[in-house]
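Reviewing the structure listed below.
The sequence lines fix the lettering, A, B, ..., with proteins before strands; numbering per chain opens at 1.
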2 protein chains.
Amino acid sequence: MTDGVEPGTVRPGGRTARVREAVLRAAEDALTEQGFTGLDLADVARRAQVGKTTVYRRWGTVTGLVADLLQDMAEQSAPRSETGSLLGDLTANARLVQRTLTDPRQGALFKALIAAATGDVKTAAALHRFYDIRVREWAPCVRQAVERGEVPEGTDPHDVIRAVSAPLYYHLLISGGRLDEPTADRAAEAAAMAARAGVFVRVGGKHA
Amino acid sequence: MTDGVEPGTVRPGGRTARVREAVLRAAEDALTEQGFTGLDLADVARRAQVGKTTVYRRWGTVTGLVADLLQDMAEQSAPRSETGSLLGDLTANARLVQRTLTDPRQGALFKALIAAATGDVKTAAALHRFYDIRVREWAPCVRQAVERGEVPEGTDPHDVIRAVSAPLYYHLLISGGRLDEPTADRAAEAAAMAARAGVFVRVGGKHA
DNA sequence: TCACTAACGGGTCTGTGGTTCCGTTAGTGA
DNA sequence: TCACTAACGGAACCACAGACCCGTTAGTGA
């Protein structure tokens, strides 16, 4: 803590990078299969074919490992589609999220990541960063809608994109309701309607 | 497992009830302070001034205890307010949720409950039941809005109420954004707008 | 009021998640 | 290509959450 250098920072190339890669993939698998609660670092080490000492030294705790995994996931981005209308773009986004959360592996993984973030501020910060990046990637479609005059000037793009995802995550984590394509479409419609009506216009020009 | 009777079912009165009460309150406190991860049943027993054997016998696991706590919480209901307009009612609901989630203790508790539910199907079922009850309590205000002609016939009341909460929980768990009164008001507005536009009309008459 | 036994609880034991020690392997810079 | 040392990893070790045993307390029905 006090004496500085974290392991993995001085010689980040070669073996160190390979170990990190293997451990993160193993952690992903383990989280997906066991969930956040059932995760132990020795098991991750076994899956990664790496000494468990290494895992404990580099990441220390389960939440530390999850935080690093989130950082890694944040780096790989998926491209967005463009349909020419706000509703079309938001629907594409909603369906992408819906498909991701419905996929047995991905859905379980995201649940585990979110659960981990509830208990640790560093992990929570990593999760926020991850979603901030994803939201930023889709924000342009709202800006284009503003330019086209579909939604009023001053509309906060991030708020709109988040409004699309929110009901889907609510279903996944809280209500347990069906998470099908019509649900996704409804989420997109609701967000588009609200955006058109000027609900997401920021008066002071301040962004979240 | 195979031989039937669960402890606490044959003599549910007197001491058994007192123990349950004390343990649930202690679990609530512990969850609030330590979060879901940092919870151990011996600590709960200590707080409740109850033998730890009792806690292990009656509830067995952390998730089992959380599931019972959720059932207990579901039984105590908070009344809703009526303002005479859909937007007014939804705003009242949004602010209630916002205040609950912002409160340091309550917010932490709900985070912990949701995290626990991600890892265990019984707990998840209990969580779904809890929110289903809460949603039902507020559904009448949407039905009244239908009667007043504010929103189209066939609008699913539950969908509307859930649409109000969703962005608030999204902020709490995922984006980490500000969770203030304007945010709550915006959530209510967005839901009201979408409802008015007929986004939540169910075609087949089937409810979620 | 009394007998019956469900449910409680202190004490002890154990499996395992996590830590530490120290020798080995392999990046890195000259 | 060589010296230096960061980073890895097997093995022994430890602490503690959770299981178990068995004697005690107190609801319940007659």
(message) Once ring pair (Phe, Tyr, Trp, His ring centres under 6.0 Å) is applied, do any residues pair with B:Phe200, and if so which ones, sequence neighbours excluded?
(response) none
(request) Taking only the side-chain nitrogens and oxygens of A:Arg57, find out if one of them lies under 4.0 Å from OP1 or OP2 of C:dT20. (result) no
(request) Indicate whether OP1 or OP2 belonging to C:dC8 is found under 4.0 Å from a side-chain N or O atom of B:Arg58. (result) yes
(request) Using whole Å, report how far CH2 of A:Trp59 lies from P of D:dA7. (result) 12 Å
(message) Between C1' on C:dG17 and CD on A:Gln34, what's the gap in Å once rounded to a whole number?
(response) 14 Å
(request) Mind calculating the distance between CG (B:Leu65) and P (D:dG18) to the nearest angstrom? (result) 11 Å
(request) Fit a plane to each ring of A:Phe110 and A:Phe130, take the angle between them on a 0 to 90° scale, and name the class: parallel (under 30°), tilted (30 to 60°) or perpendicular (over 60°). (result) tilted
(request) Would you mind checking if A:Glu189 and A:Arg186 are paired as a salt bridge, meaning a charged N to carboxylate O distance below 4.0 Å? (result) no
(request) Do nucleotides 10-16 of chain D as a string where each nucleotide becomes B, S or -: B if the base has a protein heavy atom under 4.0 Å, S if just the sugar-phosphate does, - if no protein is that close. (result) BB-----
(request) Measure the distance from CG on B:Leu41 to P on D:dG18 and round it to the nearest whole Å. (result) 6 Å
(request) Mind calculating the distance between CZ (A:Arg15) and C1' (C:dT25) to the nearest angstrom? (result) 5 Å
(request) Give a yes or no on whether B:Glu75 atom CD has more than 12 heavy-atom contacts from other residues, nucleotides or ligands under 6.0 Å away. (result) yes
(message) For D:dA30, give the paired nucleotide (Watson-Crick: N1-N3 plus N6-O4 or O6-N4; G-U: N1-O2 and O6-N3; both under 3.5 Å), or none.
(response) C:dT1
(request) Salt-bridge test for A:Arg58 and A:Asp68: reply yes if a basic N is under 4.0 Å from a carboxylate O, no otherwise. (result) no
(message) Between B:Tyr56 and D:dA19, is there a contact of a side-chain N or O with OP1 or OP2 at under 4.0 Å?
(response) no
(message) Looking at B:Glu137 and B:Arg134, is any side-chain nitrogen of the basic one under 4.0 Å from a carboxylate oxygen of the acidic one?
(response) yes
(message) Quick check on C:dA7: is either OP1 or OP2 less than 4.0 Å from any side-chain nitrogen or oxygen of B:Thr54?
(response) no
